[in-house]
Amino acid sequence: MGKIEVKKLHTFLGHNDSIYTLAALDDHRFISAGGDGMIVLWDLKSPDEGEVVVKIQNSIYALCVDRVNGCLYVGQNNQGIHKIDLRTKKEVSSISLGDHQVFAIELVDDKIWVGLSNGEVVELSLDLSLIKKMKYADDRIRSIDESKEIVALGCSDNLIRIIQKSNGSVLNELNGHKNSVFATKYHPSGKYLISAGRDAHLKVWDTQSDYVLRESIAAHLYTINDVIFNASGRYFVTASMDKSIKLWDAHSFKLLKVLDKHRHAGHGNSVNKLLWMNYRDLLVTCSDDRTISVWEIKFAE
């Protein structure tokens with residue numbers, strides 16, 4: 001591995017509170033949301049122009065995009081889910097899910113899976129009709145990630161639950177973390193699962209050997225909020241409450257680079273969410289410091 005060059009290209013400003021979540025709309029546009037209830041559309045090709053799509057009352061921890069139909073699904077804490085038509089920027093439907101926080105929303109095949117603070121996963125149709133509710137824990141469902149026929153749930157009772165997508169049954173419970181699991185992410189090949197959370201450790205689970213724990217890495221000083229792979233699957237990035245962003249080799253699991261405020265003019269507070277965009281292979285990060293950063297990362301082979 002040669003030298004890795006990192007350059008901070010842009011800082012997007014406009015949010016009035018912590019930014020908790022990001023979602024890609026296409027190869028160069030993405031959406032952000034957070035504590036101020038503003039849902040903002042950004043374009044990497046026009047970095048000085050952010051557009052408020054809609055504003056809601058409560059904070060937003062999770063959202064997802066249905067690219068095929070041009071719709072956005074937004075989790076409004078303590079209110080439920082809103083479906084926004086991104087072409088008209090109008091709400092087209094909504095559903096109340098009770099007085100619960102929404103920590104994860106994922107498009108799983110042609111359904112919406114929602115992770116709630118009461119330990120439930122709610123399955124909705126694309127028009128937000130209720131299909132079923134599934135109770136998996138007595139604490140928060142923090143993350144949802146799928147691979148082929150299975151879904152991994154990161155839970156605040158320290159467990160990861162491996163779910164059969166078709167019927168919602170629990171296939172496995174992984175007990176390796178000492179605290180709440182904030183992120184679960186399958187490698188693009190599906191060969192392993194990475195998990196991370198409040199204990200600041202990365203866990204690597206071998207999916208081909210019944211989820212045997214392959215690696216346990218003390219990766220950050222404080223909570224790891226998110227994990228993401230690049231498109232090739234050769235690298236992954238972690239974001240932490242310790243204000244740093246770390247770049248890793250996805251085969252050796254070795255740390256390659258640290259992006260922080262001191263060395264790279266990084267974030268001044270907790271880094272909450274990551275996107276690795278197809279456009280110029282740029283990395284997008286957001287933070288409690290109310291900013292979004294755009295990074296160019298070049299790998300010299």
Gap between atom CD of Gln76 and atom CD1 of Ile60 - 0.5 Å precision: 7.5 Å
Do Leu86 and Leu63 land in one hydrophobic cluster if side-chain heavy atoms of ILVMFWY residues count as linked below 4.5 Å? yes
Given 3.5 Å as the limit, does a donor-acceptor pair link the side chain of Asp249 with the main chain of Leu256, or not? no
For the residue pair Asn158 and Asn179, establish whether any side-chain heavy-atom pair is separated by less than 4.5 Å. yes
Return yes if some donor-acceptor pair links the side-chain N/O of Ser147 with the main-chain N/O of Gly190 below 3.5 Å, else return no. no
Using the side-chain hydrogen bond (donor to acceptor under 3.5 Å, both in side chains) rule, take Asp17 and Ser59 through it: C-alpha gap first, then chi angles, then the decisive distance, then the call. CA-CA 9 Å; Asp17 205 335; Ser59 57; over 6 Å; no
Kindly check if the number of other-residue, nucleotide or ligand heavy atoms within 6.0 Å of NE2 (His251) is above 12? yes
Rounded to the nearest 0.5 Å, the CG atom of Asn58 sits from the CD atom of Gln79 at a distance of 5.0 Å
Could you check whether any side-chain heavy atom of Leu171 comes within less than 4.5 Å of a side-chain heavy atom of Gln164, counting everything from C-beta outward? yes
Verify same cluster id: Val227, Leu255 (apolar side-chain graph, 4.5 Å): yes
Checking the side chain of Asn225 only, and the main-chain atoms of Ala239 only, is there a donor and an acceptor separated by less than 3.5 Å? no
Quick one: closest heavy-atom pair of Phe12 and Pro47, and the distance? CE2-O, 3.0 Å
Which heavy atom of Ile160 sits nearest a heavy atom of His177, and at what distance? CD1-CD2, 4.1 Å
Would you confirm whether Asp288, through its side chain, and Asn269, through its main-chain N or O, come within 3.5 Å as a donor-acceptor pair? no
Looking at Lys89, I'd like to know if its NZ atom is crowded, meaning that more than 12 non-hydrogen atoms belonging to other residues, nucleotides or ligands lie closer than 6.0 Å. yes
Okay, side chain of Arg29, backbone of Asp43: is any donor-acceptor separation there less than 3.5 Å? no
Pair Glu120 + Lys135: basic N to acidic O under 4.0 Å: no
If hydrophobic clusters are built by linking Ile, Leu, Val, Met, Phe, Trp and Tyr wherever their side-chain heavy atoms come under 4.5 Å apart, do Trp42 and Ile31 end up in the same one? no
Could you tell me whether a side-chain N or O of Ser216 sits under 3.5 Å from a main-chain N or O of Lys203, the two making a donor and an acceptor? no
Between Tyr20 and Val52, is there shared hydrophobic-cluster membership here, with clusters defined by ILVMFWY side-chain heavy atoms closer than 4.5 Å? no
Atom pair CZ (Arg161) and CG (Leu174), whose distance is rounded to the nearest 0.5 Å: 10.0 Å
Got a donor-acceptor contact below 3.5 angstrom from the Lys83 side chain to the Ile95 backbone? no
List in chain and number order the residues that pass salt bridge (charged side-chain N to carboxylate O under 4.0 Å, His left out) with Asp289, two or more places apart in sequence or in another chain; answer none if no residue qualifies. none
Taking Thr11's backbone N and O only, do any of them form a donor-acceptor pair with Thr291's side chain (distance below 3.5 Å, no angle check)? no
Of all heavy-atom pairs between Ile84 and Val54, which one has the smallest distance, and what is that distance? CD1-CG1, 4.3 Å
Taking the side chain as every heavy atom from C-beta outward, state whether Asp281 and Ile297 have any atom pair closer than 4.5 Å. no
Would a distance-only check, ignoring hydrogens and angles, find a side-chain to backbone donor-acceptor pair under 3.5 Å from Lys8 to Ala265? yes
The reported gap from SG in Cys71 to CZ in Arg87 (rounded to nearest 0.5 angstrom) is 6.0 Å
Give a yes or no on this: more than 12 heavy atoms of other residues, nucleotides or ligands lie within 6.0 Å of atom NZ of Lys246. yes
Sub-4.5 Å side-chain heavy-atom contact between Arg280 and Leu44: no
Partners meeting salt bridge (charged side-chain N to carboxylate O under 4.0 Å, His left out) with Asp139 (sequence neighbours left out): none
Do Leu130 and Tyr73 sit in one hydrophobic cluster, given that two such residues count as connected whenever their side-chain heavy atoms are within less than 4.5 Å of each other, even indirectly? yes
Validation row: Ile162, Leu193 side chains within 4.5 angstrom (heavy atoms): yes
If you count the non-hydrogen atoms of other residues, nucleotides and ligands that lie under 6.0 Å from NZ in Lys132, is the total more than 12? yes
Over all atoms of both residues, closest heavy-atom pair of Met277 and Val284: CG-CG2, 3.8 Å
Residue among Phe229, Trp248, Phe236, Tyr235 satisfying ring pair (Phe, Tyr, Trp, His ring centres under 6.0 Å) with His187: Phe229
Between Arg234 and Phe299, is any pair of side-chain heavy atoms under 4.5 Å apart? no
Just to verify, what does Arg67 make a salt bridge (charged side-chain N to carboxylate O under 4.0 Å, His left out) with, not counting sequence neighbours? none
Hey, does Asp157 have a side-chain heavy atom less than 4.5 Å from the side chain of Asp138? no
Do side-chain atoms of Ser240 reach the backbone of Tyr222 as a donor and acceptor pair under 3.5 angstrom? yes
Nearest 0.5 Å, please: how far is OG in Ser293 from CG in Leu274? 11.0 Å
Flag side-chain contact, heavy atom, 4.5 Å: Ile163 against Met134: no
Test salt bridge (charged side-chain N to carboxylate O under 4.0 Å, His left out) applied to Asp242 - qualifying residues, sequence neighbours left out: none
What is the distance from atom SG of Cys64 to atom CG of Leu72, rounded to the nearest 0.5 Å? 7.5 Å
Identify the two heavy atoms, one from Val204 and one from Tyr192, that lie closest to each other, and give their separation to 0.1 Å. CG1-CD1, 3.7 Å
Hey, is NZ on Lys55 packed in by over 12 heavy atoms from elsewhere, all under 6.0 Å? yes
According to the ring pair (Phe, Tyr, Trp, His ring centres under 6.0 Å) rule, which pairs have a member within residues 200-221, sequence neighbours left out? none
Exercise: identify the closest heavy-atom pair between Ile245 and Leu283: CG2-CD2, 4.3 Å
For residues 101-116, tabulate all N or O donor-acceptor pairs below 3.5 Å that involve a side-chain atom, not counting sequence neighbours.
residue : atom : partner : partner atom : Å
Asp109  : OD1  : Lys165  : NZ           : 3.4
Trp113  : NE1  : Glu123  : OE1          : 3.4

